[in-house]
Structure formats: C-alpha cells, structure tokens
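Okay, so here's the structure we're looking at.
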Amino acid sequence: MYNPEAIAKAFAAVAEDRSRALALAVERKAAIEQQYPRMAEIARELSSIGASISKTFYSDNPAQSIEALAAESLRLQEERKALLKSLDLQEDYLEPPFHCPKCRDTGRVDGKICSCIRQRAVEISLAELARISPSAHCSFDNFDLSYYRNLTDKSGKNVGEKAKANYDYIRAYSEDFSPSSPSLYIFGKTGLGKTHLTLAAAAEIIKKGYHVVYGMAGAVFSDIEKEKFKGIEGKYTMQKLLDADLLILDDFGSEFHTSFSAAVAHNIIEGRLLAGKPLIITTNLDINAIHAQYGERIASRIIGEYVPIKFEGEDIRQLKKFQY
C-alpha cells in the first residue's frame with residue numbers, strides 16, 4: 001500500500017510546511033507585540049501563570065490557588081482575543097497556521113501516519129505518473145466510445161460492443177483492484193485506446209492508496225540493463241518492479257530486442273507471478289508475435305495466467321485528426 005518514495009516525499013513536504021507555519025507565527029507575534037506592547041505583556045503574564053501553577057501544590061490551599069490562576073489565565077486570553085478582534089484579526093492569528101489541524105503538520109497522530117500524509121502521497125504519485133505519461137489527459141470519463149461505433153474488424157463485424165466491453169472490464173478492474181487481482185494482457189493495433197484506459201485505471205488505483213509502477217517497456221528494460229551491467233540505479237530497479245502492488249509495462253515488445261531483454265521480461269513476469277502480484281502488459285503483439293519474440297515460456301505464462309483483452313478497429317488518433 002502506498003508508494004514508499006511518495007510517503008517519504010510527503011513527510012518531507014509536511015516538515016517544510018510545519019517549519020514555515022512556526023516561522024510565520026513567530027514573525028506575526030514579533031510584529032504585533034512591537035506595535036501593541038500590551039500583547040507582549042499579556043504573553044509574559046500568561047507565561048508567568050504557567051510557571052506559578054507548579055508552586056501552588058505547596059500552598060495551604062492548592063485547589064483555590066489553581067482556580068484563581070485559571071480565572072486570571074482566562075481573563076488574559078479573552079483580553080487578547082478582544083484586542084485581536086479590534087484589529088480585524090482572527091483569534092487564532094498568533095497560532096501557527098498548520099495545513100493539517102489533526103497532526104499539526106507532524107505527519108502523525110497518536111503514532112500513526114496521518115491521513116494528510118496518505119493524501120499527499122497519492123497526489124505525489126499521480127504527479128509522477130503525469131510526468132512520465134499522458135495520464136493527465138487519460139480518464140474513464142473522457143474515453144469516447146463513439147469513435148468505435150462505426151468501426152469493423154477484419155471480418156466486417158462492428159467492434160463497438162467489444163470496445164464497450166473492454167472499457168467496462170478495465171474500469172471495473174480499477175474499482176475492485178486488490179494486490180491479488182489478475183494480470184492483464186491488453187493487445188491490439190496502435191491507437192485503439194489501450195494506453196488511455198490503462199493510465200485511467202492506474203490513476204484510479206493510485207487514488208485508492210496502492211503502489212503502482214508504470215513504465216514504457218523500453219525505458220524499464222534500459223534501466224534494468226544499466227543496473228545489471230553498470231551498477232547505475234535508475235528510476236526502475238528490479239526490486240521496485242517486484243515490490244509494487246501493480247506493475248504496468250506499456251508498449252511491451254517495442255523495446256530493442258536482445259537475449260537480455262527477453263531474460264528481463266521473463267524475470268519480471270515470473271517474479272510477479274511468484275509474488276502473487278498483478279502485471280498489466282499493453283502491446284501491439286498478438287500471442288504468436290509474443291512467442292516469436294520472447295519464446296515459449298513467456299507466451300505460455302501469458303496464455304495461462306493473464307486475462308486477454310483484445311482491442312480491435314482502426315487507429316482512433318487518425319480518426320480524430322481527420323474528422324470534419
């Protein structure tokens with residue numbers, strides 16, 4: 001659950017927020033006390049009351065002494081509120097303006113991670129997904145099925161119903177996702193919406209708090225090669241690929257094909273399978289092409305363990321480009 005790197009960044013961001021809030025409170029206090037000396041006097045008197053409370057336990061009547069100090073403290077606080085109101089300032093103007101009142105920008109409540117950290121981790125993960133993909137423009141709501149209504153497959157059959165079924169399945173997959181969800185083999189020609197729907201699903205799954213790693217196959221395999229032979233740790237490491245709740249390899253098969261890339265593909269697929277974690281593959285390759293490029297073992301795994309989702313029709317991007 002949750003991207004650990006995003007959680008770390010969220011804690012760092014909250015710490016910066018807390019530092020700014022505390023600094024602003026000090027700045028405001030200094031400015032208002034300089035302009036209105038009575039504010040400084042009130043602060044000193046309240047501080048003195050706090051120091052006096054411990055001494056009351058040694059008095060002849062501690063309960064009466066504490067009651068008197070409490071009454072004086074309340075009077076001073078009311079005076080401060082009245083003064084702030086006269087200046088058209090909120091009564092909490094001198095308090096640090098924390099973003100999260102629950103954890104006071106510490107990131108934890110009663111030793112547990114605050115909801116503000118989880119929310120920030122989601123926002124950071126979504127921003128990272130948008131940075132490396134067109135996810136900001138890909139949602140279920142803006143996936144236009146109308147382009148499929150007049151498209152036909154090789155046999156002349158209308159593919160609109162098939163496209164709707166694909167859409168419904170992938171949307172339901174994102175809504176019901178768990179780390180034990182099945183792996184998906186999403187295949188078909190270029191420009192049919194495979195990446196659009198996959199990114200829409202990734203965003204929805206991230207919003208649920210799951211750790212999703214998305215990458216173009218070429219970039220992923222390149223990073224793994226650098227990690228293996230040069231000791232250079234890039235964005236993608238084998239450990240990160242295996243640890244994620246969901247891994248998405250987009251445009252699988254478009255990477256430069258070598259015996260090493262085939263071995264990496266095998267290790268990723270086997271590793272995710274052994275861990276019981278789902279992998280989504282999008283590709284232009286049908287299963288025969290997968291067999292030819294990666295071998296029988298990978299093809300067999302995909303046939304036996306993955307839910308196949310075939311996209312059919314003509315390039316939607318071209319239809320959009322040339323529509324009048």
Side-chain angles (χ1 to χ4, degrees), residues 1-10 118-140 143 166-187 193-221 223-224 234-255 264-283 290 298 301-302 304-309 311:
M1 290 289 285
Y2 293 97
N3 180 345
E5 293 180 2
I7 289 287
K9 290 179 180 179
R118 293 193 291 271
Q119 180 57 38
R120 287 203 185 207
V122 167
E123 292 169 359
I124 289 168
S125 296
L126 289 173
E128 173 61 16
L129 182 64
R131 187 184 69 80
I132 62 174
S133 74
S135 64
H137 307 289
C138 299
S139 71
F140 289 112
F143 188 80
N166 290 345
Y167 171 91
D168 289 342
Y169 183 90
I170 295 173
R171 184 162 195 167
Y173 181 91
S174 69
E175 292 172 351
D176 300 331
F177 180 83
S178 77
S180 60
S181 291
S183 294
L184 307 182
Y185 164 51
I186 302 175
F187 66 104
K194 302 186 301 296
T195 294
H196 184 124
L197 287 180
T198 301
L199 287 172
E204 293 305 313
I205 293 168
I206 287 172
K207 291 174 186 176
K208 293 178 181 295
Y210 290 106
H211 180 195
V212 177
V213 170
Y214 165 91
M216 298 291 290
V220 171
F221 289 7
D223 274 9
I224 299 303
K235 174 177 175 55
Y236 305 103
T237 67
M238 185 59 74
Q239 195 61 51
K240 291 178 182 177
L241 300 179
L242 298 180
D243 286 346
D245 294 320
L246 172 65
L247 172 63
I248 298 172
L249 287 181
D250 198 9
D251 212 9
F252 186 68
S254 65
E255 73 281 355
V264 171
H266 175 267
N267 290 340
I268 292 172
I269 290 171
E270 286 290 335
R272 298 288 300 180
L273 183 61
L274 289 173
K277 294 181 175 181
L279 166 61
I280 294 179
I281 291 172
T282 75
T283 180
I290 292 282
I298 289 180
R301 285 300 191 193
I302 292 175
E305 305 293 342
Y306 286 57
V307 175
I309 302 177
F311 278 68

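The stretch residues 195-211 participates, sequence neighbours left out, in these salt bridge (charged side-chain N to carboxylate O under 4.0 Å, His left out) pairs: E204-K207. Each side-chain hydrogen bond (donor to acceptor under 3.5 Å, both in side chains) pair with one or both residues in residues 271-282, not counting sequence neighbours, appears once here: D250-T282. Within the structure, every pair that satisfies the salt bridge (charged side-chain N to carboxylate O under 4.0 Å, His left out) test and touches residues 175-185, not counting sequence neighbours, is listed here: R171-E175.
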Quiz: residues 2-10 side-chain donor-acceptor pairs under 3.5 angstrom, not counting sequence neighbours:
unit_1: N3; atom_1: OD1; unit_2: E5; atom_2: N; d: 2.9
unit_1: E5; atom_1: OE2; unit_2: K240; atom_2: NZ; d: 2.8

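Here the closest heavy-atom approach between residue A217 and residue D251 is recorded as CB-O, 3.8 Å.
In this structure, the side-chain hydrogen bond (donor to acceptor under 3.5 Å, both in side chains) partners of D168, at least two apart in sequence or on a different chain, are K164. Remark: D223 engages no residue in a side-chain hydrogen bond (donor to acceptor under 3.5 Å, both in side chains) (not counting sequence neighbours). By the side-chain hydrogen bond (donor to acceptor under 3.5 Å, both in side chains) test, E255 pairs with Y294, sequence neighbours left out. Among residues two or more places apart in sequence or in another chain, the side chain to side chain contact (heavy atoms under 4.5 Å, CB included) test is passed with A130 by S135, A136. Residues that satisfy the side chain to side chain contact (heavy atoms under 4.5 Å, CB included) test with H137, not counting sequence neighbours, are absent from this structure. Partners of F140 according to the ring pair (Phe, Tyr, Trp, His ring centres under 6.0 Å) rule, which considers only residues two or more places apart in sequence or in another chain, are Y167. By the side-chain hydrogen bond (donor to acceptor under 3.5 Å, both in side chains) test, E305 pairs with no residue at all, sequence neighbours left out. By the side chain to side chain contact (heavy atoms under 4.5 Å, CB included) test, I132 pairs with E128, Y214, K235, Y236, sequence neighbours left out.
In terms of modelled atom types and a separation under 3.5 Å, the side chain of Y173 and the main chain of P182 share a donor-acceptor contact.
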